[in-house]
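What follows is one structure encoded as structure tokens, with my remarks underneath.
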2 protein chains.
Amino acid sequence: MPSGKLRLGDLQLKILRVLWSSGECGVTDVHQVIGPAKYAYTTVATMLRKMEARKLVAHRVEGRRFVYYPLVREGAVTRSAAAEFVDRIFRGSLTAAVCQLLDSRDVSREELEALERLIAERKEADPPARPQGS
Amino acid sequence: MPSGKLRLGDLQLKILRVLWSSGECGVTDVHQVIGPAKYAYTTVATMLRKMEARKLVAHRVEGRRFVYYPLVREGAVTRSAAAEFVDRIFRGSLTAAVCQLLDSRDVSREELEALERLIAERKEADPPARPQGS
DNA sequence: TTTCTTTATCTACCGTGGTAATACTACCAC
DNA sequence: GTGGTAGTATTACCACGGTAGATAAAGAAA
């Protein structure tokens, strides 16, 4: 199953975010961005190596440094996480998922309207039963 | 701390679902429902004991059987999962989350319309300027 | 009573995320 | 050279989900 294991931990996500926004960077850079106070340098380095073993990132050598870059795209991760979320927690029911999303936090009127627009877009973009040509 | 550790694994979710729909039941019952072919009896039993240690379930003794019942409600689990999903993957952006949800699978027109209704409801239920809270 | 079956307990293992100290190594400055 | 420094490699540990075999104990059946 290729659509399988894209389940990431918190630290892994943080690291990937740095790589996504920087394109690539060294261990020290990553460490600086995610917070030297929160994590030891070696923690980040170890995690990066583990992530490389899992083919989430790769590195090239630049002088003495390892310059890491992501092998997975942000879209792939978020898409996979979204699909897994719906399947795992709501057994595939998207409406149940969104319903819970709305219940789980305060949603501003602006957000609600943005969501409305989002859905309206989808309705236009994907007319399922449309005998007449566009 | 309501925002505490309510992160559940796949098997734990399956087990909880059985307990939620049955109210309570013995280890054998759970095992039967989630699939004797997929899991060993002891796997379920062990997991139930681990979950009891984490206060997700509890049991009472009935003859020689352990009758387990849930200590967490389905709503609490799904709510917590939803909140964590948005925070973890989309750093709190609900619109980004819903957007990805819509992209991550085929959404029927019926579902889209159900979502529209869902949002319309929320808009009515939460008027923009209202100093009084419930 | 002896055996079979049900049921729970104990123990142990694996993978993985997370955490980090420690050790090695190569370079730079002196 | 020697010593600090920046960087990687090694090693180890914990927690937890998942998995299950082996074992024990309590009834039920023979």
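Lettering follows sequence order; numbering is per chain, from 1.
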Between [N] ([atom2]) and [X] ([atom1]): distance, integer Å:
X	N	atom1	atom2	result
A:Asp10	D:dC16	CG	P	14 Å
B:Ile34	D:dG17	CD1	C1'	14 Å
B:Tyr39	D:dG21	OH	C1'	18 Å
B:Lys38	D:dG17	NZ	C1'	17 Å
A:Gln32	D:dG7	CD	C1'	14 Å

Select from B:Gly26 and A:Gly9 the residue whose nearest nucleotide in DNA chain C is closer to the 5' end of that strand.
B:Gly26
Name the residue closer to the 5' end of DNA chain C, choosing between A:Arg64 and A:Ala40 according to the nucleotide with the nearest heavy atom.
A:Ala40
Select base, sugar-phosphate, or nothing to describe what B:Phe66 touches, counting heavy atoms under 4.0 Å on all strands.
sugar-phosphate
With heavy atoms under 4.0 Å as the rule, sort B:Thr46 into base, sugar-phosphate or nothing.
base
Please state whether the phosphate of D:dA20, meaning OP1 or OP2, lies under 4.0 angstrom from any side-chain nitrogen or oxygen of B:Thr43.
yes
For the helix from C:dT1-D:dA30 to C:dC30-D:dG1, figure out the bend between the end axes, five pairs an end, and round to 10 degrees.
30°
Identify, with sequence neighbours excluded, every residue that meets side-chain contact (heavy atoms from CB on, under 4.5 Å) alongside [X].
X	value
A:Thr95	A:Ser93, B:Glu111, B:Ala114, B:Leu115
A:Arg73	none
B:Glu113	A:Lys123, B:Arg109, B:Glu116, B:Arg117
B:Asp87	A:Arg105

Among residues two or more places apart or on two chains, list those pairs meeting ring pair (Phe, Tyr, Trp, His ring centres under 6.0 Å) that have a residue in residues 8-27 of chain B.
none
In short, ring pair (Phe, Tyr, Trp, His ring centres under 6.0 Å) pairs touching residues 81-102 of chain B with sequence neighbours left out are A:Phe85-B:Phe85, B:Phe85-B:Phe90
Would you please name every residue forming a side-chain hydrogen bond (donor to acceptor under 3.5 Å, both in side chains) with A:Glu74, sequence neighbours left out?
none
DNA chain D-proximal residues of residues 47-63 of chain B, any heavy atom under 4.0 Å
B:Met47, B:Lys50, B:Arg54
Name every donor-acceptor pair, under 3.5 Å, that has one atom in a side chain of residues 22-32 of chain B and the other anywhere in the protein, sequence neighbours excluded.
residue	atom	partner	partner atom	Å
B:Ser22	OG	B:Val18	O	3.0
B:Glu24	OE1	B:Arg60	NH2	3.2
B:Glu24	OE2	B:Arg60	NH2	2.2
B:Asp29	OD2	B:Gly26	N	2.9
B:His31	NE2	B:Tyr39	O	2.7

Just the endpoints, please: which first and last nucleotides of DNA chain C, 5' to 3', lie under 4.0 Å from a heavy atom of chain B?
C:dT6 to C:dC10
Are A:Asp10 and B:Arg88 ion-paired here, with the side-chain N under 4.0 Å from a carboxylate O?
yes
Can we say B:Arg49 and B:Glu52 salt-bridge, meaning some charged N sits less than 4.0 Å from an Asp/Glu carboxylate O?
no
Test question: given the 4.5 Å side-chain rule for I, L, V, M, F, W and Y, name all other residues clustered with A:Leu71, or answer none.
A:Tyr69
